Structures are given as structure tokens and as C-alpha cells.
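Let me begin by presenting the structure, written as C-alpha cells, before commenting on it.
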Amino acid sequence: LARDDYLFSVGEDRKIVVWLVKTGEKISEFLVEQNQNITRLEIPSAYTNKLIVTTAEGTVQLYNFRSGKCLFVSQSFGAKILSLAVSNYKDLIAFGCANGQVVVYNFATDARIAEFNHESSAVTSIAFRLDRDASLCTGTVEGEIAVWDLKKRCLDGIITKTKQVRSRADVLDSVHSAAVHSLFSL
């Protein structure tokens, strides 16, 4: 993860190292709490020196990346967290799990704001829509893309494979035939 002047590296040893990009200087290094396996990192909106970490064990953790101090560890959400998005709204994140669960979560109050399900299809990517308030997009291991209405707390639409791909032209004309690894909304 690289943001502003910082680069965050994660090793198999569960260590997070924070570097200054311009100088290559190591600012800090720290281990993740409870020997958990890191899956995603993000910088939360409107915070200074904070880092959100999600884990294979299903927890959300908040760190001060300058001191390495863990400020918060959630209870497990029961499944490996595969994708993570930070909202423009303070304290609000969303994440997708290996079991198809999608959670919109306020980490400051430890509250689930909304939950959706991809019916056991792992959620490999997630993004808040920036062009429209209260929408969340998710992508799955099967190539499906869903748009969720956060105000109504329901599925707004879905893009999925609707035809058999027979040629290269069909591939370019259809939705993903495999996992959606990234989503980005403007």
C-alpha cells in the first residue's frame, strides 16, 4: 500500500513496515496483534497516522502506524476478509469475505451498519461509488459485479455472465469470466 509519502510493506512474518518513499527511511515496524494473517491494508479517511488492517481470521484492526500501537481489534466476523474499501465518511469502511458476506462497518463504534450476501461466492473486490451517495460495488471470484443501495439496504443491480463466450470478440463484449480482483469508482 502506498499513500502520500508512505509505503507499507507486509511480510509473511506478520510484520508491517512503514517507509518514507522519498528517502527510503524506515519509520516504524510492528507485528499484527494475536498472530493473525494480514489480508488488506487501508488508510482511513480523516485520520492522521492510522492504518486499518484486515485478517484471514476475520478481524478488523486499527493501528497508529507511527508508534505501531494497536488501538482496536474487532471480534471476528467469522470468515476470511478478502477485500476492503474506505468510505469518504469518517469511520466507515466496507469489506468482503470468503463466504460471500459483505459488511458495511463503523470501526469507531464497532457497529455493523449494513450486511449483504453474495450467496457463498467469495467477495474479491469492493469499492464505494463516489458519483452517487450510498452505493457500494462488489466483485466476486466468479466474475459477478453487484451494486448495493446502502440507504435501502438492498441489491440495486448485478452484472453477470449472461451468455456463453464463443470467441475473443465475445470475451470483450461480456462480463468477467473469472474473479474480479479490483474495482475502482470515480
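Residues: numbered from 1 along the sequence shown. As the structure is a computational prediction, the values presented were derived from the model and not from experiment.
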Test side-chain contact (heavy atoms from CB on, under 4.5 Å) on Ile93 and Glu42 and set out the steps. CA-CA 10 Å; Ile93 63 171; Glu42 277 294 343; over 6 Å; no
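- With hydrogens and angles left out, the side-chain atoms of Glu115 and Gln101 include a donor and acceptor closer than 3.5 Å.
- Here Leu136 contributes atom CG and Asp156 contributes atom CG; the two are 11.0 Å apart, rounded to the nearest 0.5 Å.
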Given side-chain contact (heavy atoms from CB on, under 4.5 Å), test Thr109 with Asp91 step by step and report yes or no. CA-CA 8 Å; Thr109 61; Asp91 306 328; over 6 Å; no
For residues 16-27, which side-chain N or O atoms pair as donor and acceptor with protein atoms under 3.5 Å away, sequence neighbours left out?
residue: Trp19; atom: NE1; partner: Ser9; partner atom: OG; Å: 3.1
residue: Thr23; atom: OG1; partner: Glu25; partner atom: N; Å: 3.1
residue: Lys26; atom: NZ; partner: Glu29; partner atom: OE1; Å: 2.6

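- In summary, the aromatic rings of Tyr6 and Phe65 are positioned with their centroids under 6.0 Å apart.
- Nearest heavy atoms, Gly96 versus Ile126: N-CD1, 4.1 Å.
- Annotation for Leu31 and Asp13: closest pair CD2-O, 3.6 Å, computed over non-hydrogen atoms.
- If you check the side chains of Gln36 and Gln61, you find a donor sitting under 3.5 Å from an acceptor.
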Given the rule in the side-chain contact (heavy atoms from CB on, under 4.5 Å) test, do Val104 and Leu92 qualify, once you have shown the distances and angles that lead to the verdict? CA-CA 7 Å; Val104 179; Leu92 197 63; 3.7 Å; yes
Check against side-chain hydrogen bond (donor to acceptor under 3.5 Å, both in side chains), Ser135 and Trp148: CA-CA 6 Å; Ser135 285; Trp148 305 94; over 6 Å; no
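- Here CD1 of Ile81 is found 5.0 Å from SG of Cys97. Values are rounded to the nearest 0.5 Å.
- Under the 4.5 Å side-chain contact rule for hydrophobic residues, Leu51 and Val10 share a cluster.
- Between the side chain of Ser45 and the backbone N or O of Ser87 there is at least one donor-acceptor pair closer than 3.5 Å.
- Criterion: ILVMFWY side-chain heavy atoms under 4.5 Å apart, direct or through other members. Under it, Leu41 and Ile43 are part of a common hydrophobic cluster.
- Looking only at distances, a side-chain donor or acceptor of Arg153 sits under 3.5 Å from a matching main-chain atom of Ile113.
- Within the 3.5 Å criterion, the main-chain N or O of Thr39 finds no donor-acceptor partner in the side chain of Thr54.
- The aromatic ring centroids of Phe128 and Tyr89 lie 6.0 Å or more from each other.
- Closest heavy-atom contact between Ser28 and Arg66: CB-O, 3.5 Å.
- Asn106 CG to Arg112 CZ: the interatomic distance, rounded to the nearest 0.5 Å, is 13.0 Å.
- A donor and an acceptor atom, one from each side chain of Tyr105 and Asp110, are located under 3.5 Å apart.
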Evaluate the side-chain contact (heavy atoms from CB on, under 4.5 Å) criterion for residues Tyr63 and Val32: first the C-alpha distance (whole Å), next the side-chain angles of each, then the deciding distance (0.1 Å), finally the verdict. CA-CA 9 Å; Tyr63 289 86; Val32 171; 3.7 Å; yes
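- Tracing side-chain contacts under 4.5 Å through hydrophobic residues (I, L, V, M, F, W, Y), one reaches Phe72 starting from Val103; they form part of the same cluster.
- Note that CG of Asn64 is 9.5 Å distant from OG1 of Thr48, once rounded to the nearest 0.5 Å.
- A donor atom on one side chain and an acceptor atom on the other are found under 3.5 Å apart for Arg14 and Asn37.
- For the pair Pro44 and Lys50, the tightest heavy-atom approach, listed with the atom from each and the gap, is CD-O, 3.4 Å.
- Both Ile52 and Phe95 are members of a single hydrophobic cluster when ILVMFWY side chains are connected at heavy-atom separations under 4.5 Å.
- Taking each heavy atom of Glu57 and Ser76 in turn, the nearest pair found is O-OG, 2.7 Å.
- By the ring-ring contact (aromatic ring centres under 6.0 Å, His included) test, Phe107 is found to be paired with Tyr47, residues two or more places apart in sequence or in another chain being considered.
- Rounding to the nearest 0.5 angstrom, the gap separating the OG1 atom in Thr124 from the CD atom in Glu144 is 10.5 Å.
- With hydrogens and angles ignored, the 3.5 Å screen pairs a side-chain donor or acceptor of Ser74 with a backbone N or O of Val60.
- Expressed to the nearest 0.5 Å, how far CZ of Phe116 lies from SG of Cys154 amounts to 7.5 Å.
- Between the Thr140 side chain and the Ser121 main chain, no donor and acceptor come within less than 3.5 Å of each other.
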